[in-house]
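Below, chains carry the letters A, B, ... as their sequence lines are ordered, and counting in each starts from 1.
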There are 2 protein chains.
Amino acid sequence: MALNKKEMFEKIDQELAEFAKAIAHPARIAILKVLAEKNSCICGEIVEVLPLAQATVSQHLKELKNVGLIQGSINGPKSCYCINYSKFIKFQEAFNGLFIHLKNQNNNCC
Amino acid sequence: MALNKKEMFEKIDQELAEFAKAIAHPARIAILKVLAEKNSCICGEIVEVLPLAQATVSQHLKELKNVGLIQGSINGPKSCYCINYSKFIKFQEAFNGLFIHLKNQNNNCC
DNA sequence: ATTATATATCGCAAATATACGATAAAAAGA
DNA sequence: TCTTTTTATCGTATATTTGCGATATATAAT
């Protein structure tokens with residue numbers, strides 16, 4: 001794989017793919033659900049609930065943060081994470097855009 | 001990585017993650033768009049449009065087919081692909097389910 | 001029958017993702 | 001100050017994904 005071919009596609013498709021990748025692991029979906037359900041959103045609580053090591057959870061949190069779906073603030077030795085809803089809505093719109101795009105022409109031929 | 005930890009999460013999250021993975025590459029999003037826009041959906045036409053080799057496109061088509069988002073029928077030496085809209089709607093519902101789940105409780109704390 | 005065309009699959013190389021133990025860093029508590 | 005607690009990061013092992021050339025297969029065309 002000499003070159004990263006992803007950059008040769010439309011930016012809008014790249015962004016949507018990036019977001020899809022962020023939620024393309026059940027651990028990250030579970031993390032998002034925990035963050036939404038709990039009032040507090042301390043990293044340690046997520047580690048307790050998930051069947052993964054602390055280092056792995058930290059890595060998943062980083063990925064979600066990199067794509068902008070969550071934000072975190074350091075709170076003494078603890079880290080507080082929560083969902084960035086505005087970013088989330090943006091991606092939901094992108095998804096629905098794709099869905100609508102695909103459903104508008106129903107040329108089922110096979 | 002001794003064990004595949006993905007199986008330790010809820011099935012509903014696993015399924016959503018699987019779908020997200022299918023559209024987590026701009027080439028596969030582009031393929032879906034081409035299939036939706038064109039009346040015909042012959043593999044060769046997709047290869048022409050995408051900046052990828054035929055073997056690579058064939059592989060992406062296989063992944064989309066495996067997850068059920070598209071279906072294909074052999075038509076002489078050519079292969080005809082199209083979107084499986086019922087599957088697509090099912091996944092759209094799964095996505096919106098997650099979005100609603102996350103948006104209902106807006107406990108933004110950081 | 002032979003050739004051309006279209007697509008799937010094989011085999012390989014390189015890149016990326018996943019997972020975790022060990023350790024670093026940073027603040028709270030004793 | 002020393003210890004404990006909490007989290008991030010480093011290093012490493014393994015798995016998966018991505019990409020393509022070569023080849024196999026199957027049909028159409030000549």
Checklist outcome for this item: Residues at least two apart in sequence or cross-chain that pass side chain to side chain donor-acceptor pair (under 3.5 Å) with B:Gln14, listed by chain then number, are none

Checklist entry - Taking all non-hydrogen atoms of both residues, which atom of B:Gly72 and which atom of B:Lys65 are closest, and how far apart? => result N-CE, 4.0 Å

Next on the checklist: Keeping A:Tyr85 on the side-chain end and B:Leu102 on the backbone end, is there a donor-acceptor pair under 3.5 Å?
Outcome noted: yes

Item to check | Close approaches to DNA chain D from residues 12-31 of chain B, in residue order (heavy atom, under 4.0 Å) | outcome: B:Lys21, B:His25, B:Arg28

Taking distance alone, no hydrogens or angles, what donor-acceptor pairs closer than 3.5 Å link side-chain atoms of residues 46-63 of chain B to residues at least two apart or in another chain?
from, atom 1, to, atom 2, distance (Å)
B:His60, ND1, B:Arg28, NH1, 2.9
B:Glu63, OE1, B:Arg28, NH1, 3.1

Next on the checklist: Quick test of your reading: applying salt bridge (Lys or Arg N to Asp or Glu O under 4.0 Å), list the pairs with at least one residue in residues 71-99 of chain A, sequence neighbours left out, ordered by first then second residue.
Outcome noted: none

Checklist entry - Taking the nucleotide of DNA chain D with the closest heavy atom to each, which residue, B:Pro51 or A:Ser79, is nearer the 5' end? => result A:Ser79

Checklist entry - Whole-Å distance between C:dA8 P and B:Ile46 CD1? => result 9 Å

Item to check | Residues in salt bridge (charged side-chain N to carboxylate O under 4.0 Å, His left out) contact with B:Glu15, at least two apart in sequence or another chain | outcome: none

Checklist outcome for this item: The side chain to side chain contact (heavy atoms under 4.5 Å, CB included) partners of B:Ile12 (sequence neighbours excluded) come to A:Lys33, B:Glu10

Checklist entry - Roughly how many Å is it from NZ in A:Lys5 to P in C:dT16, rounded to a whole number? => result 14 Å

Item to check | Rounded distance in Å - NZ (B:Lys6) to P (C:dA17) | outcome: 11 Å

If you restrict it to nitrogen or oxygen atoms, what contacts under 3.5 Å exist between nucleotides 22-30 of chain D and the protein, and what is each distance?
none

Item to check | For A:His101 against B:Ala36, the heavy-atom pair lying closest together | outcome: O-CB, 4.1 Å

Item to check | Distance below 4.0 Å between A:Thr56 side-chain N/O and C:dA19 OP1 or OP2 | outcome: no

Item to check | Check: A:Asn84 side chain, A:Gly68 main-chain N or O, donor-acceptor pair, under 3.5 Å | outcome: yes

Item to check | Nearest heavy atoms of A:Ile23 and A:Leu32, plus distance in Å | outcome: CG2-CD1, 3.9 Å

Checklist entry - Does A:Asn96 have any side chain to side chain contact (heavy atoms under 4.5 Å, CB included) partners at least two apart in sequence or in another chain, and if so, which? => result A:Gln92, A:Phe99, B:Gln92, B:Asn96

Item to check | Whole angstrom value for the distance that separates P of C:dA8 from CD1 of B:Ile42 | outcome: 12 Å

Next on the checklist: Within residues 60-68 of chain B, which residues have any heavy atom lying less than 4.0 Å from an atom of DNA chain D?
Outcome noted: B:His60, B:Glu63

Next on the checklist: Holding to ring-ring contact (aromatic ring centres under 6.0 Å, His included), I want the full list of residues that pass it with B:Phe9, two or more places apart in sequence or in another chain.
Outcome noted: none

Checklist entry - Could you state the CG-P distance from B:Asn4 to D:dT16, rounded to the nearest angstrom? => result 6 Å

Item to check | B:Tyr81 OH to C:dA6 C1', straight-line distance once rounded to whole Å | outcome: 11 Å

Next on the checklist: Rounded to whole Å, please give me the gap between CG in B:Leu52 and P in C:dA8.
Outcome noted: 15 Å

Item to check | Divergence of helical axes at both termini of the helix from C:dA1-D:dT30 to C:dA30-D:dT1 - five pairs an end, 10° steps | outcome: 10°

Checklist outcome for this item: Scanning both residues in full, the closest heavy-atom pair of B:Ser79 with B:Ile74 reads OG-CG1, 4.3 Å

Checklist entry - Starting at CZ of B:Phe9 and ending at P of C:dA19, how long is that distance when rounded to a whole Å? => result 7 Å

Checklist outcome for this item: Among the nucleotides D:dA8, D:dT6, D:dG21, whichever has the atom closest to the side chain of B:Ala53 is D:dG21

Checklist entry - For A:Lys5, what residues pass the salt bridge (charged side-chain N to carboxylate O under 4.0 Å, His left out) criterion, not counting sequence neighbours? => result none

